[in-house]
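One structure below.
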Amino acid sequence: MNTTYTYKEQSYSSLYELSEALSKDGIFIPLSIGDEALAELGVTVTHEEEPIESIRARKIMELKRQRDVAEVEPISYNGNSYDYDSQARDRIAAAIIALDVQGDGAKISWTTADNEDAVVTAQDLRMIITAVAVRSNALHTAYRAAKAKVEAAQSKDEIDTISIN
């Protein structure tokens, strides 16, 4: 909800801006002052619904953040959980190259997301990447569907119910 304060034919978009204007006239107000007290000071307070476009844009940004956070969460593979943030991705790529150079059957001890040791091959690490790609595709598909719902929604209450889950 947007609130506008009008004092001496000048509009202010925040109570702080209004308090600065009032202070020039020697009127000092607490920022917790109510609408009735402001009216007694000659201030007109107008409450307007936030434009649906702003609500939609904010929700779409929230959905993107949810998707992006979910994309780097640990991924499960073969009974273990593996980190998949940018540092982990670099380590996995380097390990695949090192294991490939060592030849078939080469293995490495890998620390999992829950701090356990797992012995993995280059193929295991590739399968972790594959699991991440599948998850990423599902997240992007869910995001696009949620975004379409947000764009079609006609009210804030309707938008508030939309998620990528």
Review point. Is the count of non-hydrogen atoms from other residues, nucleotides or ligands lying under 6.0 Å from Asp104 atom CG greater than 12?
Key: no
- Start with the C-alpha gap between Glu73 and Arg135, add the side-chain angles, then the distance that decides, and say whether side chain to side chain contact (heavy atoms under 4.5 Å, CB included) holds. CA-CA 10 Å; Glu73 288 179 351; Arg135 175 180 69 185; 4.0 Å; yes
Heavy atoms of Ser81 and Pro74 approach each other most closely as OG-CB, 3.3 Å
Check your understanding: So, does Ser14 use its side chain to make a donor-acceptor pair with the main chain of Glu17 at under 3.5 Å?
Key -> yes
CD (Glu116) and CG (Asn80) are apart, to the nearest 0.5 Å, by 8.0 Å
Query raised in the report: Are any non-hydrogen side-chain atoms of Lys147 and Lys64 less than 4.5 angstrom apart?
Result: no
pair Ile29-Leu15: side-chain heavy atoms closer than 4.5 Å: yes
Scanning both residues in full, the closest heavy-atom pair of Thr112 with Ala118 reads CG2-CB, 3.9 Å
| task | Mark yes or no for whether Ser23, through its side chain, and Glu20, through its backbone, hold a donor-acceptor pair below 3.5 Å. | result | yes
Grouping ILVMFWY residues whenever side-chain heavy atoms fall under 4.5 Å, the cluster of Ile92 otherwise contains Ile75, Tyr77, Tyr82, Tyr84, Ile96, Leu99, Ile108, Trp110, Val120, Leu125, Met127, Ile128, Ile129, Val132
Tightest non-hydrogen contact, residues Asp124 and Val119, listed as OD2-O, 4.1 Å
* So, Arg126 and Asp100, do they make that salt bridge, N to O below 4.0 Å? -> yes
One should read off an interatomic distance between Asn2 CG and Glu48 CD, to the nearest 0.5 angstrom, of 6.5 Å
Q | Ile164 backbone acceptor or donor facing Arg67 side chain under 3.5 Å | A | no
Between Leu41 and Tyr7, the two heavy atoms sitting closest are O-CE1, 3.6 Å
All heavy atoms of Tyr16 vs all of Ser19, minimum pair found to be O-OG, 2.7 Å
Shortest non-hydrogen pair, Ile162 vs Glu158, comes out as CG1-O, 3.5 Å
Report task. Check whether Ile27 and Tyr12 end up in the same hydrophobic cluster, where Ile, Leu, Val, Met, Phe, Trp and Tyr are linked by side-chain heavy atoms less than 4.5 Å apart. Result -> yes
Note to self: Would you say Leu38 ends up clustered with Leu31 if hydrophobic residues are merged whenever their side chains have heavy atoms under 4.5 Å apart, either directly or through other cluster members?
What the structure shows: yes
Interatomic distance, NZ@Lys156 vs OG1@Thr161, rounded to 0.5 Å, equals 11.0 Å
Discussion item. Within the 4.5 Å heavy-atom criterion, are Glu71 and Val69 side-chain neighbours or not?
Written reply: no
Practice task
Determine, for Arg89 against Asp85, whether the closest basic-nitrogen to carboxylate-oxygen distance falls under 4.0 angstrom.
Solution key: no
- So Arg91 and Asp83, salt bridge (Lys or Arg N to Asp or Glu O under 4.0 Å) or not? Walk me through it. CA-CA 10 Å; Arg91 288 180 47 239; Asp83 289 323; 5.5 Å; no
Does the pair Arg58/Glu50 count as a salt bridge with the N-to-O cut at 4.0 Å?
yes
CG (Leu139) and CZ (Arg144) are apart, to the nearest 0.5 Å, by 10.5 Å
Basic-acidic side-chain contact under 4.0 Å: Glu62, Lys59: yes
* Would you say the side-chain atoms of Arg56 pair up with the backbone N or O of Pro51, donor to acceptor, closer than 3.5 Å? -> no
